[in-house]
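I have placed the structure first, in the form of structure tokens, so that the comments after it can refer back to it.
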Protein chains: 2
Amino acid sequence: MAVQGAQVVGRVAQLLRLVGRKPGGTSLAGLVRESGLTRPTVHRLLTSLAAEGLLEHDPGTGKWVLGPEIFLLGSVAAARFPMEDIARPSLRRLAAETGESAFFSLRRGNETICVLREEGAFPVRSFVLHEGVRFPLGVASAGTAIMAFLPPEEQEALLGDWPAHAGDFAVGHPENVVRDNLERTRLAGYAVNPGLILEGSWGMGAAVFDQQGRPAWALSLTGIEPRFRPDRQEFLGKLLLEEAHRMSARLQGARPN
Amino acid sequence: MAVQGAQVVGRVAQLLRLVGRKPGGTSLAGLVRESGLTRPTVHRLLTSLAAEGLLEHDPGTGKWVLGPEIFLLGSVAAARFPMEDIARPSLRRLAAETGESAFFSLRRGNETICVLREEGAFPVRSFVLHEGVRFPLGVASAGTAIMAFLPPEEQEALLGDWPAHAGDFAVGHPENVVRDNLERTRLAGYAVNPGLILEGSWGMGAAVFDQQGRPAWALSLTGIEPRFRPDRQEFLGKLLLEEAHRMSARLQGARPN
DNA sequence: GAGACACGTCCACAAAGTGGACCAACCAGC
DNA sequence: GCTGGTTGGTCCACTTTGTGGACGTGTCTC
């Protein structure tokens, strides 16, 4: 490795992200598969992280979850990333007025990560999206909403080697379909995901811009397909854009990630 | 080291905690001093953590701060530690009714860490406490409130080797003074810190109990000495105990750390 | 009872991580 | 303007730490 002292740090970061994708916990075997590391290595790193409070091991289920130290450090870090205070009211309004679950995601490099959720009142819901879930840009409505308003050369950089960027999602998201989605998003102002990740689970999203005018975050709604018919899409899109604009205005003083 | 693969993990955790103590950032030299590690080691670990987004380096000030990935992972972990939703309303009421700044801390092993803050309206404030600050149990009003209601043998374990536990704070917190504080806290139900950390900066705290009846968290108020005179202490203590009881009741379903 | 899978541990080996030494830049004091 | 101290950054010989193939145990399914 190029930089000494970086291998373990990189592995630690990878394991924390993998555990963070599933708030319900992840098995040792699952982490071995997903990380590509060997079992003794993963086991040793996990138990070391747990000793420091960064992870926890649930002996009942055998699963590994994010630990109290991560929560504590995250609380401290939150003071530098104030968007939760700004996003929560918008999420509540979106959930209240639409009945769907509303989400706030942010961009991290070439992917989005869901940070906040506000459950809607409608009794049938999609659980494709929840805190910690990461998607490549262009996958899911939040990532499509963000990618559509990136500078054209940044979009081409991702589309140019779409399978490398989209990974396993490339199968359900052919490049031509994604280009079409991006174009329709630019025209409408909001993105629509017609069940590309999971059939029957639809979503709509709108980008939130930072003070440099870059799409750094996104608001989105998810639910079952009958709740996203064309007649209702305009209504949902309008609300999403309203809240996204409201957030963009308030985030002028905030620091993008 | 006993467990292979643990040394770097322990160092990473230590550095993250040290950086987390100062939201405004910490210099490389400061981290070298406080960690006891050599400069090449600290520098290499810091740049590796920054490459993963766990830390950030502000080139303008040269300081290291917690990065966006910590914030993201912390948001995910927050779903498993729901006390912020429960604590925030209490903090707002305490700050509104007293004018002082209100804090929510939790116990981690033998220390407390401040997680939430609600600033009061009174124009003169103490800044001894803020997010990320850690104190040994028995130091600061939050830690005194918690320690006072621990089982007697756990208290003796800490008092028995007080300098080892309290570290640098042992000078300003002699063991006999601490024992006295603990006794008065048990009688009153709330703790009073008469400027032991910093002269003129007073504090009061009350423990919040988990469903096993153990003191796992604390609410506290801080401010300048004239705001904590005996005639006003009873009023502040009553409010703290009310909010602490209210939180204890609501935290029955929550998971202690 | 056999086979598959998950989890945990050992330890020989090698790769990664370490820190003493050195250099450059900056700042404060005289 | 010079000197000394402090901070940040890097090199690389050396050593320690970290690794993973192999093995064992436990659980579950058929």
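Numbered from 1 within each chain, the chains take letters A, B, ... in sequence-line order. Just so you know, these numbers use all the heavy atoms, side chains as well, and skip hydrogens, waters and symmetry mates.
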Could you write out each protein N or O paired with an N or O of nucleotides 4-8 of chain C at a distance under 3.5 Å?
| residue | atom | partner | partner atom | Å |
| --- | --- | --- | --- | --- |
| C/dC7 | OP2 | A/Ala29 | N | 2.5 |
| C/dC7 | N4 | A/Arg39 | NH2 | 2.8 |
| C/dG8 | OP2 | A/His43 | NE2 | 3.0 |
| C/dG8 | O5' | A/His43 | NE2 | 3.3 |
| C/dG8 | N7 | A/Arg39 | NE | 3.2 |
| C/dG8 | O6 | A/Arg39 | NH2 | 2.3 |

Extract from the structure each pairing of a protein N or O with an N or O of nucleotides 27-30 of chain D at less than 3.5 Å, listing the distance.
none

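Atoms CG (B/Leu46) and P (C/dG17) sit 15 Å apart, rounded to a whole Å. Nucleotide D/dG20 holds its C1' atom 11 Å from the CG atom of A/Leu37, rounded to whole Å. One can place CZ of B/Arg11 at 13 Å from P of D/dT16, the figure rounded to the nearest angstrom.
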Test side-chain contact (heavy atoms from CB on, under 4.5 Å) on B/Leu159 and B/Met147; report intermediate values, then the result. CA-CA 10 Å; B/Leu159 290 163; B/Met147 187 172 167; 3.7 Å; yes
Run the side-chain contact (heavy atoms from CB on, under 4.5 Å) check on B/Arg11 and B/Thr41 step by step: do they pass? CA-CA 10 Å; B/Arg11 289 177 167 185; B/Thr41 298; 3.6 Å; yes
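Taking the six-membered ring for Trp and thresholds of 30 and 60 degrees, B/Phe135 and B/Phe169 have ring planes more than 60 degrees apart, a perpendicular arrangement. Between A/Phe209 and A/Phe149, the ring planes lie perpendicular to each other; the angle is over 60°, past the 30° to 60° tilted range.
For A/Asp168, there are no side-chain contact (heavy atoms from CB on, under 4.5 Å) partners two or more places apart in sequence or in a different chain. Listed by chain and residue number, nothing satisfies the salt bridge (Lys or Arg N to Asp or Glu O under 4.0 Å) test with B/Arg33 (two or more places apart in sequence, or in another chain). Looking at residues two or more places apart in sequence or on another chain, you find no ring pair (Phe, Tyr, Trp, His ring centres under 6.0 Å) involving B/Trp202. Every side-chain contact (heavy atoms from CB on, under 4.5 Å) that B/Ala13 has, sequence neighbours left out, goes to A/Glu52, A/Leu54, B/Arg17.
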